[in-house]
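Note that the structure is a prediction, hence the values are computed from the model and not measured.
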Amino acid sequence: MFRSVRWWAWLACGIGVALVAFRMASLSGAFVWGDVAGRRARPLDEFVFLWLGGWLFYAGALRLGASLPPRVPSLLVLLLLAAGARGAFFGTNPIQEDDAYRYLWDGQVVLEGVDPYRWSPAEVAVAGLKPAEREGVWSRSWRISEIPAEVQAPPPDLARLSGLVPGFHPDRTGPSPGAPALENFRKINNATVPTVYPPLNMPVFALAQKLAPWNLDGLRAIFLALEIATIALLWFALRAAGANPMWAAVYAWCPLTIKEMANSPHHDAIVVCMLAAFVLCAVAEMPRLAAAALALATAAKLYPVVLVPVLLAWAWRRDRRLAVASGAIFAAVLLACYAPFLNAHTFRGAGVFASEWNSNAGAFTLIRKACVAIFGDDPVRIGSGQAGLGSLYARATVAALVCGAVAAAAFTPRFRKPSIAPIGRAWDLPFRCTLALAAGFALSPAQHPWYFAGILPFIALFPWRSWILLTGTLALYYTRFYFNYDPSRWERICQTLGMVGSAPWDEKKDFEWVRLVEYAPFYVLLVYEGLSGWLRGGKAENPAIPGKLPPA
């Protein structure tokens, strides 16, 4: 009877997560791209509270589901509610995100037979202007000093792309009735940068554009299929590891993944699915298949490459020939993905991202402050752009720290299984990979909420409360827009809290306080879990029932 009551409570929490998703979907109508006058009316405060409320249902579901038997009806409920929550966002406006419009453009570029890494949208736009219209447009609208000669006399492929958006002018605003290509092209962000997305994304974007031209629902349909595959892969991985497959809810019912993969939608759905396949292969101790899955994940987004040394070192300790074969498979699959696009321009956009992007950073902010204080932040030219000297030293420091963490995860001879792990067997390789990936995420200069989806397949195996908590507090990232659209809101909140002499919102200064609330609970809990695990390191492994949360 008790188990039955617990199951119904677990189901109620899952329904609560789905209802929150439906309510978020109903709010999306207020998020109209380009409606500057309506930004102050966007219900960002309700959206953030909904996310946090959904997280409470999510946390309750994890707590209840940890000791439920993994039966087929539970799997069906898990999948149906996960699919229903994501399906609620079909036909909705993206809430504060516009990356997906670049996906549609990249997909169309591929369908046109043009190299997606060659031309930036800004170059396409300027190439389509009449010579008399080009003067001053490049520097004024796209923040680049001059129009390259190859854009002034566009080659055939560039001319073909500019023909997709006839009459587009970067300084003209307002709708373009009957021209969805123009409307979507106008919404592309960072238009001066060629695409940064690795090659596995390109056929997916092209397929979405083919299924539903200039419509985000094509992407949503493909990403929904990938999300369901991710949940199923996690279910089987947990089962193979001797853990309770109900922990697949770590990904399936997470408000972060529901919003960011379905509403926005972000291409991270591709890489997360490949990482879930990697987790299954790692648990099954099949390094060659794991290497293939890891290559596909790296071809979707570059950060999984940090797991390559961990996988190869683990395989080397068991069989050197197996390690060599795994490395060869990784290289062959990755090269096969890049081969159709490999040229001098392939990493043009990625280089800009690696040297300049910095958003919503946690620990990196402190490292950058220290480096700027020591080295200053005088601009240094990098390629066609520039970056501050202190910022470059901060990135170098972070790279060194991540490399150290990866080396420790790869070459430490032996780890003791963490007591938090519901995993019963074959935990060593997934645990090492979790440590390496966690370090990369925690130190990254760009920490948008959807970036953290990639670690959740590993957290399903090692459900540290700190990372689960972070999926909730990351909702505070969206408060930056809430205050940007009406800076006086910050002043009113400060006055309510008794902060005398408060001033209107200054994003550069005040958003650091928001990020403190966003990340401090995560790091405090992470340190606590790390210390408590270390103090228990000399004891026998926790004999608790697999899948059950240990006492706090």
Side-chain angles (χ1 to χ4, degrees), residues 16-17 19-21 23-59 93-98 189 254-256 258-260 263-264 358-366 368-369 442 444-452 465-526:
V17 170
L19 291 176
V20 165
R23 177 56 184 163
M24 282 185 181
S26 70
L27 296 180
S28 68
F31 293 82
V32 179
W33 190 95
D35 180 17
V36 177
R39 285 179 176 175
R40 290 183 61 181
R42 290 181 179 181
L44 281 161
D45 50 350
E46 183 178 354
F47 165 70
V48 170
F49 282 118
L50 279 171
W51 182 320
L52 295 173
W55 183 88
L56 292 176
F57 284 118
Y58 165 68
N93 296 326
I95 296 176
Q96 290 301 134
E97 302 299 336
D98 52 14
N189 61 25
C254 181
L256 183 152
I258 292 170
K259 187 272 173 187
E260 302 297 357
N263 169 256
S264 294
N358 177 15
S359 179
N360 198 45
F364 177 80
T365 300
L366 301 179
R368 182 183 177 280
K369 283 180 177 293
S444 173
Q447 293 187 323
H448 297 295
W450 54 95
Y451 287 12
F452 288 87
R465 290 184 177 90
S466 51
W467 288 95
I468 293 171
L469 174 64
L470 185 61
T471 64
T473 59
L474 282 169
L476 298 177
Y477 162 77
Y478 288 97
T479 61
R480 67 184 298 179
F481 305 105
Y482 178 74
F483 293 119
N484 282 346
Y485 296 156
D486 185 356
S488 64
R489 290 166 172 165
W490 178 257
E491 184 178 10
R492 291 196 295 270
I493 289 176
C494 291
Q495 290 173 351
T496 302
L497 296 175
M499 299 172 64
V500 181
S502 57
W505 170 257
D506 179 350
E507 181 179 359
K508 186 175 181 180
K509 175 174 63 72
D510 294 328
F511 189 55
E512 292 188 1
W513 290 103
V514 176
R515 278 186 289 168
L516 181 65
V517 179
E518 185 180 2
Y519 288 109
F522 161 69
Y523 281 108
V524 169
L525 188 53
L526 183 67

With no hydrogens and no angle check, do the side chains of S26 and R23 hold a donor and an acceptor under 3.5 Å apart? yes

Tested for ring pair (Phe, Tyr, Trp, His ring centres under 6.0 Å) against Y478, the lone hit among F511, Y485, F47 is F47

(message) If you define the side chain from C-beta out and look only at heavy atoms, does anything of D506 sit under 4.5 Å from W490?
(response) no

Tightest non-hydrogen contact, residues G472 and L52, listed as O-CD2, 3.3 Å

Minimal heavy-atom distance between A21 and I258, with the atoms involved, is CB-CG2, 4.0 Å

(Q) What verdict does the side chain to side chain contact (heavy atoms under 4.5 Å, CB included) test give for D510 and F483, after you've listed the backbone C-alpha separation in whole Å, the side-chain angles of each residue and the deciding distance to 0.1 Å? (A) CA-CA 10 Å; D510 294 328; F483 293 119; over 6 Å; no

Audit row: W505, N484, side-chain hydrogen bond (donor to acceptor under 3.5 Å, both in side chains) steps and yes/no
CA-CA 7 Å; W505 170 257; N484 282 346; 2.6 Å; yes

Rounding to 0.5 Å, atoms CH2 (W55) and CG (L474) come to a distance of 11.5 Å

Residues passing the ring-ring contact (aromatic ring centres under 6.0 Å, His included) test with F31, sequence neighbours excluded, are none

Notebook entry, point to check: Distance-only, no hydrogens or angles: does the D45 side chain make a donor-acceptor pair with backbone N or O of Y482 under 3.5 Å?
Noted result: no

Check the surroundings of atom CH2 in W513: do more than 12 heavy atoms from other residues, nucleotides or ligands lie under 6.0 Å from it?
-> no

Would you say that F364 contacts Q447 through its side chain, given a criterion of any heavy-atom pair below 4.5 Å between the two side chains?
no

The reported gap from CZ in R480 to OG in S359 (rounded to nearest 0.5 angstrom) is 4.5 Å

Hey, is the main chain of T471 close enough, under 3.5 Å, to the side chain of W51 for a donor-acceptor pair? yes

Note: S444 and A361 closest approach over all heavy atoms is O-CB, 4.1 Å

Does a side-chain heavy-atom distance below 4.5 Å link V32 with N93?
yes

Separation between CZ (R42) and CD (Q96), nearest 0.5 Å, reads 4.5 Å

Hits for salt bridge (charged side-chain N to carboxylate O under 4.0 Å, His left out) against R489, two or more places apart or cross-chain, chain-then-number order -> D486

Which of parallel (below 30°), tilted (30 to 60°) and perpendicular (above 60°) describes F481 and Y477? perpendicular

(Q) Would the distance check show the side chain of N360 and the main-chain N or O of A446 forming a donor-acceptor pair, the cut-off being under 3.5 Å? (A) no

Tell me whether the rings of W467 and F452 are parallel (<30°), tilted (30 to 60°) or perpendicular (>60°). tilted

Q) Got a donor-acceptor contact below 3.5 angstrom from the R515 side chain to the L476 backbone? A) no

Ion pair check, E512 and K369, cut-off under 4.0 Å = yes

Mutual orientation of the aromatic rings belonging to Y523 and Y519 [parallel < 30°, tilted 30-60°, perpendicular > 60°] = tilted

Nearest heavy-atom approach of N263 to S28 is ND2-CB, 4.3 Å

CG (L50) and CG (L27) are apart, to the nearest 0.5 Å, by 6.0 Å

Q. So, do P255 and V20 sit near enough that their side-chain heavy atoms are less than 4.5 Å apart?
A. no

Any donor and acceptor pair, going by atom type alone, linking the side chain of K259 with main-chain N or O of I95 inside 3.5 Å? yes

